[in-house]
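Convention: sequence-line order gives letters A, B, ...; per-chain numbering from 1. These values consider heavy atoms only, across backbone and side chains, with no hydrogens, waters or symmetry-generated copies.
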There are 2 protein chains.
Amino acid sequence: MKKTIITFSMISISLLGLFQISKYSITKGSINIESIIAIIAVIFLFIGMWLNKKSPKEKKSDTIINTERISSLGISEREYKILQKISEGYSNKEIGDQLYVSESTVKTHVSNLFQKLDVKRRTQAVQKSKDLNIL
Amino acid sequence: MKKTIITFSMISISLLGLFQISKYSITKGSINIESIIAIIAVIFLFIGMWLNKKSPKEKKSDTIINTERISSLGISEREYKILQKISEGYSNKEIGDQLYVSESTVKTHVSNLFQKLDVKRRTQAVQKSKDLNIL
DNA sequence: GCTATTTTGGTACTTTAGTATGAGTCATTT
DNA sequence: AAATGACTCATACTAAAGTACCAAAATAGC
């Protein structure tokens, strides 16, 4: 918030300053209009780049989840939900409690999930899923 | 590469176009200089933002491993090595084979590691380690 | 309605994982 | 030389994890 205000204040001041410079320069005839435009263009080009460099700091995970690959592997919604919970470090019992199902059900899902992912352990499942961009 | 060439071509053409427009407008006296500067500023502000949005797609892994945090948690070299293997999805037996130690040794390291990381499961260890930027 | 898939759950079993405890080796530090 | 810390290994045990096989609801699709 504060940064945004400062940024726009700076831009406004810069603009006003440029107005004055351009006016004086043109009336004096010392600098031609093309130079002024070029300078402004370059300045604001860099301001734009600078602005966008700051902004995407908040969100980092720009890895898009590959929904197609999930379905192509035949992974169902429930199985995927459990995969997420596994990656968060929960045990089968904990997952069952969170999803209001028994541990047996979770185990069944996990077992089916591993077959579809072609893995043997949950740590492997997490690693492979992240490689496949489905997590 | 192609994109860069296209981008700069577009910018050059835009600039030339703006030169012409500004010239005609000023000679005709229909538009004042302030408006032109403002328009150019806005246009190049967005060009700059657009340019920088495209660029950082190449590099992905900007997560620097926090070596200080590893030592501050008291995690030894061997324990860290095993942590890496865990995150790669290997079992204790497999890790032992890869590091030429017995499964017992791996278990001991894993147990000590979990205490230092304050976790109960290996999936939790991986998740927490990535949160702490030590993996 | 009927079929196919998903989701659910159970039992029984094998395999890993993880804890606790003790102990020996080796290199470094005091 | 003695203490320290890291690495090693073993035994014994408990607790999860994972497999196999089966079966009944629930849901989606035709």
Counting only side-chain heavy atoms from C-beta out, which of C/dG10, D/dT19, C/dA17 sits nearest to B/K107? C/dA17
Closest to side chain of A/S76, choosing from C/dT7, D/dC7, C/dT8: C/dT7
Between D/dA17, C/dT8, C/dT16, which one does the side chain of B/S91 approach most closely? C/dT16
By the 4.0 Å heavy-atom rule, please label A/S104 as base, sugar-phosphate, or nothing. base
When you get a sec, tell me which of C/dG18, D/dG18, D/dT8 is the closest nucleotide to the side chain of A/V110? D/dG18
Scan B/S102 against the nucleic acid and name what it touches under 4.0 Å (heavy atoms): base, sugar-phosphate only, or nothing. sugar-phosphate
Which nucleotide sits closest to the side chain of B/F114: C/dG9, C/dG18, D/dT8? C/dG18
From C/dG18, C/dT8, C/dG9, pick the nucleotide closest to the side chain of B/R122? C/dG18
Check: B/N92/B/R122 side-chain N/O donor and acceptor closer than 3.5 Å: yes
Once you apply a heavy-atom cut-off of 4.0 Å, does A/E77 come out as touching a base, just sugar-phosphate, or nothing? sugar-phosphate
Of C/dG18, D/dG18, C/dT8, the nucleotide closest to the side chain of A/T108 is C/dT8
Anything under 3.5 Å between a donor and an acceptor, one on a side chain of residues 104-111 of chain B, the other on a protein residue two or more places apart or in another chain? List them.
from   : atom 1 : to     : atom 2 : distance (Å)
B/T105 : OG1    : B/S102 : OG     : 3.0
B/T108 : OG1    : B/S104 : O      : 2.9

Rounded distance in Å - CD (A/E79) to C1' (C/dT7): 9 Å
Report yes if some heavy atom in the side chain of A/I86 is under 4.5 Å from a heavy atom in the side chain of A/I82; otherwise report no. yes
With respect to the side chain of A/R121, which nucleotide from C/dA17, D/dC7, D/dC9 is positioned closest? C/dA17
Rounding to the nearest 10°, end axes of the helix from C/dG1-D/dC30 to C/dT30-D/dA1 built from five pairs each make an angle of 50°
